[in-house]
Engineer: 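Here it is, the structure in full.
All figures in this text were calculated on a predicted structure; none of them were measured in a lab. Chain letters run A, B, ... following the sequence lines, proteins first, then strands; residues in each count from 1.
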Amino acid sequence: MTIDKASCRLLLDIFVTFLKISPVSFGGGYAMIPVIEREATQHKKWLKAEEMPDLFAVSGAVPGAAAVNAAALVGYRTAGASGAAAAVAGISLPSFGIVLLLSFVFLHFQHHPKAVAALQGIRAATGAMIVYAGMKMAKKAIIDWTTAAIAAASALMLLASALHPALIIIGALTAGLLAGKIKREPFLASAATLIQEKTYVYEDYFIGDGI
Amino acid sequence: MLPALEHEAVRRGWMSISEVTDAVVIAGMAPGPVGTNSAVYIGYQTAGLAGAAVSAAGITLPSLLLLAAVVILFKKTQNHRRLQSMIYGLRPAVAVLILYGAYRFIGIDRLASISVLHLLPAFILFAASFYALHYNKLHPALIILFSALIGIAIWS
């Protein structure tokens, strides 16, 4: 793709659009999804409305934050690989900047007694948020005996061995594929809803996503 | 992602387990995915701005590459079904991993060495946060703010 004035402007446009969308995630990461859809199909008219459900489905299926993945796909469909890069940069920069700021402040004040006390409080709350995220995922994920078995097996392997989490994930994926081969029709019906319902549900982004 | 981050950071001698906990806490206070934010913090503490930038890139890129691969490979309908099967199997494992991450974060194995005086208010705060999250649907940013203020009130 030749870099000329028109495509430069488009890349900048993609970058700025996602830059503005990103802070919206304070309302919850999946709250970004409708905004991304509105921007992509109505305001900027980069993509057609029919393409979006599938795009969001894949974004949620792959590891990594759904919003970042969706941004990458929108950027790619609009302006190729550099479009994807611009979109990802735009959507990641605000979080990056805020984390840097917080890190700097934290590392300088971490020994101040009030900071230590506040942090202990926040630590308790953060623990609750992670547990909450886990339970929400468990409610969505464990829908029959097979998924319960996969969960149990994963837990066993985590606790009983020093197996790297990535290996457990690969094992779970394989188990899922096998289940798909064995079960056929009723399984496919429930799995189809797995992808669909993720696209328009508002969820907590801070801890639930990107874990 | 959290257990993996902890595993790597501690193994390479960058930080201790309690420092990784701090990373997660900071990460939870900012918008964006916790895994990504934790990586940025760990990178920043280990190697400054450059470390932060490198961490951000390192933790984002593989997902995007995987995304590209999935989009290319799963365009056909039968492969779409295979993708569904994989998600079906993946989700239970992810739920387990998140809860395991919570277990490591809370440090249940280390709790025995902490005094009850310290533990009780922390547990009450934990339970209250969870209640507010689940039943009141209170916004996480508010919960963090309140827990910080309550923390200052209790422990300083």
Engineer: Which heavy atom of A:Val99 sits nearest to which heavy atom of B:Ala30, and what is that distance?
Structural biologist: CG2-CB, 3.6 Å
Engineer: Does any non-hydrogen side-chain atom of B:Tyr88 lie less than 4.5 Å from one of A:Thr146?
Structural biologist: yes
Engineer: Looking at CG of B:Leu133 and NZ of A:Lys136, how far apart are the two atoms once the value is rounded to the nearest 0.5 Å?
Structural biologist: 8.5 Å
Engineer: Does any part of the side chain of A:Ile130, heavy atoms only, come nearer than 4.5 Å to the side chain of B:Val24, both counted from C-beta?
Structural biologist: yes
Engineer: Tell me, do A:Ile98 and B:Met29 make a side-chain contact under 4.5 Å, heavy atoms counted?
Structural biologist: no
Engineer: Measuring from B:Leu90:CG to A:Leu173:CG, what's the distance to the nearest 0.5 Å?
Structural biologist: 5.0 Å
Engineer: Working to the nearest 0.5 Å, report the span between NZ of A:Lys140 and CZ of B:Arg91.
Structural biologist: 4.5 Å
Engineer: About how many Å separate CZ of A:Phe96 and OG1 of B:Thr60, when rounded to the nearest 0.5 Å?
Structural biologist: 9.5 Å
Engineer: Quick one: what part of B:Glu8 sits under 4.5 Å from any heavy atom of chain A, side chain, backbone, both or neither?
Structural biologist: side chain
Engineer: What residue, out of B:Gly43, B:Ala122, B:Ala127, B:Pro92, has the most heavy-atom pairs lying under 4.5 Å from chain A?
Structural biologist: B:Pro92
Engineer: Hey, which of B:Val25, B:Leu67, B:Ile150 has the most heavy atom pairs under 4.5 Å with chain A?
Structural biologist: B:Leu67
Engineer: If we define contacts as heavy-atom pairs under 4.5 Å, which of A:Leu159, A:Asn69, A:Ile142 has the most with chain B?
Structural biologist: A:Asn69
Engineer: Are side-chain heavy atoms of A:Ser95 and B:Asn37 found at a separation under 4.5 Å?
Structural biologist: yes
Engineer: Could you tell me which of A:Pro165, A:Ala149, A:Ala117 has the largest number of non-hydrogen atom pairs under 4.5 Å with chain B?
Structural biologist: A:Ala117
Engineer: Just give me the residue among B:Ile124, B:Leu5, B:Ile143, B:Ile144 that pairs up with chain A most often, heavy atom to heavy atom, under 4.5 Å.
Structural biologist: B:Ile144
Engineer: What part of A:Met157 lies closer than 4.5 angstrom to a heavy atom of chain B: side chain, backbone, both or neither?
Structural biologist: neither
Engineer: Under 4.5 Å from any heavy atom of chain A, what part of B:Tyr41 do you find: side chain, backbone, both or neither?
Structural biologist: both
Engineer: Answer yes or no: is there a side-chain heavy-atom contact under 4.5 Å between A:Ile150 and B:Val96?
Structural biologist: no
Engineer: With sequence neighbours excluded, what pairs up with B:Tyr131 under the ring pair (Phe, Tyr, Trp, His ring centres under 6.0 Å) test?
Structural biologist: B:Tyr135
Engineer: For a 4.5 angstrom cut-off between non-hydrogen side-chain atoms, does B:Trp155 reach A:Val116?
Structural biologist: no
Engineer: Quick one: what part of A:Leu107 sits under 4.5 Å from any heavy atom of chain B, side chain, backbone, both or neither?
Structural biologist: side chain
Engineer: Just verifying a value: how many Å separate A:Leu100 CG and B:Ile26 CD1, rounded to the nearest 0.5 Å?
Structural biologist: 11.5 Å
Engineer: Determine whether A:Arg123 and B:Leu125 make a side-chain contact, defined as any pair of heavy atoms from C-beta on separated by less than 4.5 Å.
Structural biologist: no
Engineer: Can you name the nearest heavy-atom pair linking A:Ala72 to B:Leu64, along with the distance?
Structural biologist: CB-CD2, 3.7 Å
Engineer: Out of B:Gly101, B:Pro121, B:Ala95, which one racks up the most heavy-atom pairs below 4.5 Å with chain A?
Structural biologist: B:Ala95
Engineer: To the nearest 0.5 Å, what is the distance between CG on A:Leu101 and OH on B:Tyr44?
Structural biologist: 9.0 Å
Engineer: Checking A:Tyr76 against chain B: side chain, backbone, both or neither under 4.5 Å from a heavy atom?
Structural biologist: neither
Engineer: Report which part of B:Ser38 has an atom under 4.5 Å of a heavy atom belonging to chain A: side chain, backbone, both, or neither.
Structural biologist: neither
Engineer: State, with a plain yes or no, whether a side-chain heavy atom of B:Phe130 is found less than 4.5 Å away from one of A:Met135.
Structural biologist: yes
Engineer: With a 4.5 angstrom heavy-atom cut-off, is it the side chain or the backbone of A:Ala175 that approaches chain B, or both, or neither?
Structural biologist: neither
Engineer: Quick check on the interface: out of A:Ala153, A:Gly171, A:Ser154, who has the most heavy-atom pairs with chain B under 4.5 Å?
Structural biologist: A:Ser154
Engineer: Quick one: of B:Ala56, B:Ala53, B:Ser63, who has the most non-hydrogen atom pairs under 4.5 Å with chain A?
Structural biologist: B:Ser63
Engineer: Based on non-hydrogen pairs under 4.5 Å, which of B:Pro62, B:Ala23, B:Ala52 is most in contact with chain A?
Structural biologist: B:Ala52
